[in-house]
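These values consider heavy atoms only, across backbone and side chains, with no hydrogens, waters or symmetry-generated copies. All ligand and atom numbering here is 1-based and tracks the order in the structure.
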Amino acid sequence: MKILLTGGAGFMGSNMIHYLLREYKDVEIVNFDDLTYAGNLTNLSDIQDDPRYRFVKGNVADSKAVDAVVKGVDLVINYAAETHVDRSILEPKAFIDTNIYGAYNLLEAVRKHKIPKMVQISTDEVYGAVMEGESDEESKFEPRSPYSASKAAADHLCSSYAVTYDMPVIITHSCNFYGPYQFPEKLIPLFTMNLLEGKTVPVYGDGQQIREWIFTEDHCRAIDAIAQKGRLGETYNIGTGFRVPNMDVTRKLMELTGRGEDAIEYVKDRPGHDRRYAINSNKLRTEVGWEPKISFEDGLAQTVEWYRSNHQWVDACRTGSYKDYYKQQYVDR
Ligand code: DAU
């Protein structure tokens with residue numbers, strides 16, 4: 001099976017490529033990625049010479065490039081996205097281009113080349129803040145940041161193509177994930193690195209905002225299961241039910257890194273900060289038969305250990321030197 005994975009040099013995409021190459025002998029993967037700040041090919045340096053893997057540099061907002069790379073594949077998984085809420089508040093345009101226009105280009109190419117299946121990776125943030133209970137797949141979209149609005153728009157496009165053109169699209173809405181290779185701007189990698197380096201951690205507002213967490217490996221298994229057994233035209237929530245306030249995550253990280261109260265720094269809250277996310281993933285569990293396997297305790301311990309042993313990777317992210325790797329491996333050769 002030939003799979004086009006967009007955004008494969010990012011955190012989630014690169015974890016998925018590792019997962020697929022580990023799980024399947026006969027798979028052929030094309031990684032289409034524009035190597036923006038979050039795209040890091042060193043995430044894939046261990047498999048770059050695997051004959052089942054190929055990298056193509058390109059932007060999903062470029063319709064011609066998308067058309068060429070989509071042609072002839074059996075499955076498209078769209079991981080390409082601008083994902084950081086704070087960045088979307090500062091500069092929304094890239095979110096519109098990549099998340100909305102990118103999804104549109106992929107849908108058009110999938111339609112034209114009659115690709116058998118496309119999985120659109122999306123987020124629980126499209127449901128907005130859920131103060132009580134859980135959002136299920138029928139819940140109303142109430143995005144509240146430019147990021148979540150751009151993902152919601154792309155999801156609406158995907159559902160409309162499924163209905164209007166009878167297209168084989170499946171949408172997934174996941175809770176917050178964490179694990180190795182996550183760019184050190186998100187809560188868990190940022191706080192882990194700051195704590196390991198003896199710095200303080202910037203807790204937004206009162207730190208009582210609630211998030212639901214999934215370890216990256218469990219997310220990869222969910223996408224794989226959905227791609228194989230999910231019904232076309234459907235949406236599946238991916239969640240663990242493990243929901244905690246940010247302060248609990250912060251304290252667990254402080255324990256794992258041996259830091260005390262002096263590490264906490266309360267800072268100004270994020271504008272429009274969603275107070276709570278909670279998704280119901282019964283549909284995925286009953287229809288597709290997926291269950292998370294990794295507890296938050298284990299996943300977080302593994303993640304902290306990974307960042308502790310991969311300090312160079314983080315330093316390269318911070319200085320931007322990981323970009324040199326692309327030039328050495330793909331341009332200068
Ligand atoms: O829910 C899924 C979503 O999770 C994904 O769709 C997004 O792409 C991903 O960025 C993530 O969004 P969040 O805004 O929840 O993730 P983030 O790691 O930025 O923040 C998690 C929580 O921690 C949130 O309540 C804000 C808070 N926070 C975050 C940062 C970076 C802080 O208190 N301080 C910080 O410095």
message: The test is side-chain contact (heavy atoms from CB on, under 4.5 Å); show your working for Ile170 and Gln120 and say whether it passes.
response: CA-CA 6 Å; Ile170 304 176; Gln120 164 74 1; over 6 Å; no

query: Polar-atom distance check: Gln209 versus ligand 1, any N or O pair below 3.5 Å?
result: no

- prompt: Is there a nitrogen or oxygen of Asp274 sitting under 3.5 Å from a nitrogen or oxygen of ligand 1?
  reply: no

Which of the listed options, [options], holds the heavy atom that is closest to [atom]?
atom	options	value
atom 20 (O) of ligand 1	Arg275, Arg270, His173	Arg270
atom 33 (O) of ligand 1	Trp213, Tyr266, Tyr204, Phe177	Tyr204
atom 11 (C) of ligand 1	Thr83, Asn176, Val267, Thr123	Asn176

message: Here's a test for you: under side chain to side chain contact (heavy atoms under 4.5 Å, CB included), which of Leu21, Asp74, Ile17 qualifies with Val27?
response: Leu21

- request: Specify the protein heavy atom at minimum distance from atom 3 (C) of ligand 1: its residue, its atom name, and the distance to 0.1 Å.
  value: Glu125 OE2, 3.0 Å

- prompt: Which one holds for Leu187 and ligand 1: side chain close, backbone close, both close, or neither close, with close meaning a heavy atom under 4.0 Å?
  reply: both

field: Atoms of ligand 1, numbered as shown, that sit under 4.0 Å from any heavy atom of Tyr147
entry: 5 (C), 6 (O), 7 (C), 8 (O)

message: Side chains of Val70 and Leu106, heavy atoms from C-beta outward: is any pair under 4.5 Å?
response: yes

- request: Could you tell me whether Tyr101 and Tyr104 have their ring centroids closer than 6.0 angstrom?
  value: yes

message: If the threshold is 4.0 Å, N to carboxylate O, is there a salt bridge linking Glu212 and Arg243?
response: yes

